[in-house]
2 protein chains.
Amino acid sequence: MRKKQSSNYINEQFLFETCERNSAISIVSGRWKSQIIYYISQGHNRFHLLKQQLPAISETVLARQLKELEAHAILVKREIADTVPTGVKYLLTNKGWDLVPILDSLCNWGKVYADGKEIFVPADPKLVQ
Amino acid sequence: MRKKQSSNYINEQFLFETCERNSAISIVSGRWKSQIIYYISQGHNRFHLLKQQLPAISETVLARQLKELEAHAILVKREIADTVPTGVKYLLTNKGWDLVPILDSLCNWGKVYADGKEIFVPADPKLVQ
DNA sequence: AATGGGGCTAACAATTTTGTTAGTCATTGT
DNA sequence: ACAATGACTAACAAAATTGTTAGCCCCATT
């Protein structure tokens, strides 16, 4: 549980109020989260399927991350009728789907520089330096 | 210092190797980081200017975040000649500048849903916009 | 009767991140 | 003589996140 009177919490709230960028990043930045969103978008939308894709994750941790994504309305949990034991699927909402291309562009940004794109300081990116 | 033999570290490495998306997010997800990138992109590229924009940050913390961004080549530090006390400016690299529009789109994503865009589970995800 | 899904939860421990305190340095203005 | 400025750093403390352990439930199959 977060301590509402801590500097840590207060600073986080300040950033959330300054710009939605900060809340957005905090939603996707938990361990495993963006990878979970990606796998669900690819159709691996069951608890056990996600476990298969992420062999090192524990069930406790996976359940926790899914619950947090659900709390931010990135996904919803749906029981699958007439399954024994009860099956559950995780479906991205439109809010979750909208995130997918943005995460893709982050992925691509990372790849380009990991693949050796030259890094330099632009001479004059905005006519102010 | 990170413990290289901890599960925490090993899992992080696993995600980094799985997709650059995960390293990319980890670069921008530290407290204050995306906001610092934004302010530098807007021309607030001095230590004391960033402090003005982020009144609650401590100098220790600001210096730490800047050093981490520098380690990831998002920005570089440049001494300003003939200043007393020594002035320093922080310049985004092309890698840093490339991040700016992606952070903008995250910001916009957050805003749209904060402003009340309806959230639902798309019947057919391919039709979502 | 025991095992194996499938999908969890609570309590706790380990690790990591963030924030605090108290300095430094070299010069200029009062 | 002394404070102020700009830009830090080391050592430590607080808080948050992540991972571990040990369980639960319900039904089907061996």
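Reminder, nothing fancy here: chain letters follow the sequence lines and each chain counts from 1. Treat the numbers as computed from the prediction; the structure is a model and nothing was measured.
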Worksheet entry | Phosphate OP1/OP2 of D/dC8 contacted by B/Lys77 side-chain N/O (<4.0 Å) | yes

Q) Is the distance from OP1 or OP2 of D/dT9 to the nearest side-chain N or O of B/Lys67 less than 4.0 Å? A) yes

Once the angle between the rings of A/Tyr39 and A/His44 is folded into 0 to 90°, is it parallel (under 30°), tilted (30 to 60°) or perpendicular (over 60°)? perpendicular

A/His44 NE2 to C/dG7 P, in whole Å, measures 14 Å

* Asked: Is there side-chain contact between A/Glu17 and A/Phe14, with at least one heavy-atom pair below 4.5 Å?
  -> no

request  = Assess B/Arg78 against B/Tyr90: is NZ or CZ under 6.0 Å from the centre of the six-membered ring, and within 45 degrees of the ring's axis?
outcome  = no

*hbond_proxy B/Thr60 side chain to C/dT21 base (donor-acceptor, 3.5 Å cutoff)*: yes

Out of C/dC8, D/dC8, D/dA11, minimum distance to the side chain of B/Arg64 belongs to D/dA11

- Message: For the residue pair A/Arg31 / B/Asn8, report whether a side-chain donor-acceptor contact shorter than 3.5 Å exists.
- Response: yes

Closest to the side chain of B/Lys3, out of C/dT16, D/dA16, C/dG7, is C/dT16

Next on the checklist: Counting only side-chain nitrogens and oxygens, does A/Asn8 get under 4.0 Å of the OP1 or OP2 atom of D/dA14?
Outcome noted: no

Whole-Å distance, A/Glu79 CD to C/dG6 P, equals 15 Å

Report task. Taking only the side-chain nitrogens and oxygens of A/Tyr90, find out if one of them lies under 4.0 Å from OP1 or OP2 of C/dC8. Result -> yes

Review point. Does a side-chain heavy-atom distance below 4.5 Å link A/Leu91 with A/Lys77?
Key: no

task: Could you tell me whether the phosphate oxygens of C/dA14, OP1 or OP2, come under 4.0 Å of any side-chain nitrogen or oxygen in B/Ser7?
output: no

Short question: side chain of B/Asn22, backbone of B/Phe16 - any donor-acceptor pair under 3.5 Å? no

Residues of residues 22-34 of chain A with a heavy atom under 4.0 Å from any atom of DNA chain C, listed by number, are none

Original post:
So, A/Asn94 side chain and B/Phe120 main chain: donor-acceptor pair closer than 3.5 Å or not?
Top reply: yes

Which is true for B/Val61 with a 4.0 Å heavy-atom rule: it touches a base, it touches only sugar-phosphate, or it touches nothing? base

B/Met1 atom CE is separated from D/dA10 atom P, nearest whole Å, by 11 Å

Looking at A/Tyr9, is its backbone amide N or carbonyl O close enough to the side chain of A/Ser6 to form a donor-acceptor pair, meaning the two atoms are under 3.5 Å apart?
yes

Point to revise | Residue-phosphate contact under 4.0 Å: A/Asn11 side-chain N/O, C/dG19 OP1/OP2 | key: yes

OP1 or OP2 of C/dG7 sitting under 4.0 Å from any side-chain N/O of A/Arg46? yes

With five pairs defining each end axis, the helix from C/dA1-D/dT30 to C/dT30-D/dA1 comes out bent, to 10°, by 30°

Taking D/dA7, D/dA16, C/dA26 as options, the one with an atom nearest any side-chain atom of A/Tyr9 is D/dA16

Here the distance between atom P of D/dT20 and atom CD of A/Gln65, to the nearest Å, is 13 Å

Counting the atoms with a prime plus P, OP1 and OP2 as sugar-phosphate, which does B/Lys51 contact under 4.0 Å by heavy atoms, base, sugar-phosphate, or nothing?
nothing

Rounded to whole Å, the CZ-P distance (B/Phe14 to D/dG19) equals 12 Å

- prompt: OP1, OP2 of D/dC26 versus side-chain N and O of A/Thr86: anything below 4.0 Å?
  reply: no

Is A/Lys117 salt-bridged to B/Asp98, going by a charged N under 4.0 Å from an acidic O?
yes

Taking for A/Gln5 and for A/Ser58 the nucleotide of DNA chain D with the nearest heavy atom, the one nearer the 5' end belongs to A/Gln5

CZ of B/Arg21 to CG of A/Leu106, rounded to nearest 0.5 Å, is 9.0 Å

For C/dG5 and A/His48 - does any side-chain N or O of the residue sit under 4.0 Å from the phosphate oxygens OP1/OP2? no

**Prompt:** Is there a donor-acceptor pair closer than 3.5 Å between any side-chain N or O of B/Ser29 and the backbone N or O of A/Ser29?
**Reply:** no

Here the distance between atom P of D/dT17 and atom CG of B/Leu15, to the nearest Å, is 17 Å

